[in-house]
Amino acid sequence: MQTLIKVENLVKRYARRNPAGGQEELLALDGVSFEVLAGSTLAVVGESGSGKSTLALCLACLEEATSGSIWLEGKDICKVAEKERREMRPQIQMIFQDPANSLNPRWRTLEIVTEPLVLRGGISRDEMKKQVYALLGRVGLPAETAKRLPCELSGGQRQRLAIARVLALEPKVLILDEALSALDCSVQAQIANLLMELQGALGMTYVFITHDLGMAAHLADEIVVMNGGRIVERGRAEEVLREPREEITRRLVAAVPRLTRSPLAPIGR
Amino acid sequence: MASVLEVQELHVSYRDGEGEERAALAGVSFDLAPGEILGVLGESGSGKSTLATALVRLLAVNGQITRGAVLFEGKNLLRAAPEELREIRGGRISLIFQEPSLALHPTMRAGEQVYQVLAAHGTSGKSALREKTRQIFAMVFPEEAERIARSYPHELSGGQRQRVLIAQAVACGPSVILADEPTASLDPTTQMEILGVFRTLREKLGVAMIFITHNPALLAGFADRVLVLYGGRVVELGPAKVLGEPRHPYTKALFQCVPAGFGGNGNARKARLPAIAGESSVSALPLKGCAYEPRCAERMDVCREREPELLSVNEGHSVSCFKYEK
Amino acid sequence: MMRYFLRRLGHAFLLIFGVSILAFLFTTLAPGNYFDEMRLNPQIAPETVAALRAQYQLDRPLVVRYASWVNSLIHGEMGFSFAYNSPVAPLLLVRARNTLLLTVTATVLAWGIALPAGVWSAERVGRLPDRLISWGTAALLVIPDLALALGLLVLAVRTGWFPTGGMASVDFEDFSLLHKLRDLALHLALPILALVLSALPLLVRHVRAAVAEVLGAPFMLAAQGHGIPRRTLLYRYALPAAANPLISLFGFSIGALLSGSLLIEVVMSWPGLGPFLLEAILSRDLYVVIGGVLFSTVFLVTGNFLADMLLYWADPRIRTKSGAR
């Protein structure tokens with residue numbers, strides 16, 4: 001397998017106004033570097049405020065990094081011209097925690113999935129419709145949901161819809177930002193299965209941002225642990241979780257609720 | 001021991017946009033012993049949030065309790081006068097809602113928000129109430145109690161906000177706390193920390209708790225008993241060891257959905273998770289028979305004909321499934 | 001706090017300065033001036049008119065006139081009234097005081113009624129009392145201010161309960177203090193009533209909408225769950241949370257009441273800025289017009305400045321606005 005994404009020394013600073021009226025700097029990403037192999041899953045775990053969500057936004061070109069590079073197949077998406085970046089954008093797509101916020105509430109499922117096809121262009125209306133129904137089938141949405149509004153779908157169905165929409169763009173990379181966290185356990189498992197199935201069939205690369213180490217351990221090939229805007233630990237999923245080296249990783253591992261063990265084992269503090 | 005809270009055959013329904021009644025709870029019964037932690041497990045559409053609000057009669061305007069009784073210390077709350085009910089809410093039975101960022105008043109200092117709860121239920125003077133507020137903050141926040149009391153919610157972290165909600169809940173020394181997904185929006189480490197706070201409170205104050213969650217793993221080592229809701233009905237009720245050996249097909253399937261990860265027991269990494277097909281939402285419920293029948297892997301013919309009743313399978317452990325009918 | 005305060009104050013002064021220039025420009029650039037009518041009078045020699053124009057500097061360039069007006073403003077005169085043959089400031093001050101009395105009283109009263117009425121209505125959204133209030137405010141909204149004022153005047157004439165104009169009875173000076181206050185209140189009643197009735201519907205509707213939205217917020221349900229009593233719930237929890245849009249509306253309502261009162265003053269012959277300005281505009285009494293506009297602006301800006309300060313005080317989130325996530 002070859003490297004698809006290569007992140008080098010990524011830095012993101014936010015300017016923030018403090019209560020006294022002065023400017024204050026917030027270092028959300030403090031020199032982050034890693035690589036992701038094509039067709040694999042990288043899980044990024046950490047507590048809130050660790051910088052993992054900022055990383056997701058930078059990877060998806062929704063935030064501009066202060067410095068550093070994000071290489072996608074040999075091109076630095078931070079440096080390329082705006083026109084080229086626009087062409088590259090469909091290749092990296094993002095799935096959010098609550099799809100309700102990213103789906104137009106007044107559009108029906110059919111329109112939501114058709115929109116990216118229209119933007120890509122080049123095919124007839126009939127062909128488009130055929131593709132939309134194929135996509136709905138692919139993500140496990142029954143054909144009758146095509147006529148529904150997002151608010152008429154359940155949480156799991158909405159997440160399937162969000163996945164169908166990004167699939168229409170045929171992305172190479174999916175950034176999953178807490179994409180399973182808001183779902184019920186039984187539905188989480190459904191969507192996790194769907195994601196694994198799609199990866200197997202389409203060879204997509206996933207960057208799975210989460211605070212759920214249990215799910216990260218199940219889905220990921222590699223795990224990076226973030227704390228204070230830096231990567232503090234990195235390795236193969238099972239190794240990081242079995243033998244965590246850093247204190248923060250140990251705390252995260254200890255905090256995974258498990259049916260078979262008391263979750264109230266001492267975790268420091 | 002006499003129970004502090006007894007729920008009998010509670011039925012709640014909501015009127016939807018077209019004026020049709022939809023049942024959210026259909027005959028839920030259970031009791032709560034003093035100082036006990038009852039874990040209520042349910043997914044969306046199970047009626048778990050309806051349960052929390054119905055017990056203290058805070059249902060949305062289109063919701064209605066159609067039948068049943070809620071006996072709190074022997075008094076039926078469904079017949080209580082408004083003022084009596086207000087005294088009980090926050091005074092004898094406290095609520096902790098999910099999303100601490102939304103459950104706090106955005107422009108009121110944390111200390112004031114606890115003070116207001118005390119003032120609503122106390123008759124003592126202002127300085128006594130201030131002193132009481134200070135004591136409660138000192139109990140819930142081992143460090144920085146003063147600073148946090150002076151802060152506004154947006155200046156606090158998720159865990160700190162959750163602790164403010166806890167401070168409000170315990171302020172008047174209630175005998176029951178109803179917590180609806182109190183840790184759902186928190187980091188796992190903060191989640192553990194808050195569960196620890198709950199456990200300490202139970203030990204210190206002896207308060208009974210109904211802990212509502214969708215995550216079965218949170219209840220392990222925390223709840224004394226577990227009640228599983230599905231489609232507005234109790235499908236399984238038993239001691240905490242139910243978590244280790246569930247009997248209802250739904251409970252069994254639900255527990256398998258949680259990835260065991262870590263290469264330990266259960267499913268291997270990247271293997272298909274044993275998900276439950278279908279949706280748990282209200283619209284997916286059948287009109288007749290067992291609510292879980294359409295998704296059930298062990299369904300029988302009888303499941304479609306009538307509703308199963310809660311059957312005792314063990315001491316204090318009952319399941320509503322025809323499999324256990326003799 | 002100090003920074004925010006000073007910045008807002010700076011903005012206010014800039015605004016007043018800008019308005020003074022614009023008022024100056026528009027009034028001087030408008031065709032005709034006070035002495036134009038004299039020119040048509042054959043009995044007045046053209047030289048006299050020219051001399052008068054020179055005396056009042058009307059023949060000088062605009063910039064010079066503006067500078068000398070600013071100079072006179074600093075000396076507390078605000079230019080010279082051609083019609084009254086006296087400095088503008090003292091003339092304006094008396095009238096501005098009367099207008100202020102009207103506007104401030106009306107603002108206080110309108111909000112004093114709108115807040116409880118809106119809260120009361122919001123608590124009962126969709127029920128009969130709420131619908132009655134909705135209909136009432138809708139009816140008041142469609143009646144033009146002028147019709148309202150005239151209607152009230154008719155009522156006063158027919159019943160004789162209220163004086164139908166002016167600010168004081170003829171023998172006001174001889175009254176005792178208590179009697180004076182009573183007389184003033186009676187004269188105030190009609191214009192105030194007209195103003196309050198014209199402003200009220202909008203305010204009630206906004207208060208109702210803002211509070212009704214907050215009543216459905218999760219923290220209100222949580223507060224109910226804590227057994228917070230109804231009154232505290234409405235006025236200590238819901239109202240402050242709904243305050244932001246209402247405070248902005250407060251600044252705006254001052255402006256609306258001010259312009260409303262200029263009209264009502266003319267109709268009800270209240271000796272305020274309204275009739276005075278109208279008269280000055282008609283006779284092209286340049287500096288009086290500019291002074292009147294400036295006074296109104298200062299009043300408006302002060303109102304909005306107050307609203308900004310209130311907002312800052314009411315919402316801690318504005319104090320720590322940050323651009324970071």
Side-chain angles (χ1 to χ4, degrees), chain A residues 19 41 45-50 140 152-157 181-194 196-197 199-200 210-221 237-239 241-242 248 251-269, chain B residues 41-46 155 157-159 183-193 195-196 199 213-222 243-244 246 250 253-281 283-284 295:
Chain A
T41 302
V45 298
E47 296 183 292
S48 43
S50 62
E152 296 169 323
L153 302 177
S154 70
Q157 287 176 327
S181 306
L183 302 170
D184 282 324
C185 291
S186 69
V187 184
Q188 261 185 24
Q190 286 176 12
I191 304 292
N193 286 341
L194 173 66
M196 288 188 286
E197 200 182 293
Q199 187 169 42
T210 186
H211 60 233
D212 180 356
L213 261 151
M215 200 48 99
H218 189 78
L219 292 180
D221 300 290
E238 53 269 37
E239 279 161 22
L241 292 168
R242 204 175 303 136
I248 178 73
R251 269 188 27 215
L252 284 167
V253 170
V256 176
R258 263 165 278 187
L259 266 173
T260 47
R261 204 189 72 187
S262 161
L264 292 168
I267 49 161
R269 273 215 292 190
Chain B
L41 197 55
E43 298 190 277
S44 42
S46 64
E155 298 166 338
S157 71
T183 62
S185 59
L186 302 174
D187 261 322
T189 44
T190 321
Q191 196 169 8
M192 287 301 113
E193 192 187 308
L195 283 181
R199 201 172 58 167
T213 178
H214 72 273
N215 188 349
L218 279 184
L219 297 177
F222 179 65
L243 294 167
Y250 169 65
L254 181 66
F255 289 2
Q256 279 171 357
C257 291
V258 184
F262 300 62
N265 51 353
N267 27 60
R269 202 172 62 78
K270 282 217 163 186
R272 265 192 87 76
L273 291 165
I276 312 175
E279 300 288 335
S280 58
S281 54
S283 55
R295 300 174 78 188

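Residue numbers begin at 1 in each chain, while the letters A, B, ... track the order of the sequences. Since the model is a prediction, treat every value here as computed from it, not as a measurement.
Interface residue Ala277(B): only backbone heavy atoms are found under 4.5 Å from chain A. Looking at Ile191(A), there are no atoms closer than 4.5 Å to chain B (heavy atoms on both sides), in backbone or side chain. Proximity to chain B (any heavy atom under 4.5 Å) is restricted, for Met196(A), to the side chain, taken from C-beta onward. For Leu219(A), the part lying near chain B is the backbone, with the side chain staying farther off; criterion is any non-hydrogen pair under 4.5 Å. Within the 4.5 angstrom heavy-atom criterion, no atom of Ala182(A) approaches chain B. Of the two parts of Gln157(A), the backbone and the side chain both hold a non-hydrogen atom closer than 4.5 Å to a non-hydrogen atom of chain B.
By the side chain to side chain donor-acceptor pair (under 3.5 Å) test, Asn215(B) pairs with no residue at all, sequence neighbours left out. Taking the side-chain contact (heavy atoms from CB on, under 4.5 Å) definition, one finds that Ser186(A) meets it with Glu43(B), Leu254(B), Cys257(B), Ile276(B), Arg295(B), sequence neighbours left out.
With Asn193(A) contributing its side chain and Leu273(B) its backbone, the two residues share a donor-acceptor pair below 3.5 Å. At distances below 3.5 Å, not a single donor-acceptor pair connects side-chain atoms of Asp187(B) with backbone N or O atoms of Glu47(A).
In this structure, Cys185(A) and His214(B) approach most closely via the heavy-atom pair SG-O, 3.5 Å.
Considering only heavy-atom pairs separated by less than 4.5 Å from chain B, the leading option among Asp212(A), Asp221(A), Leu183(A) is Asp221(A).
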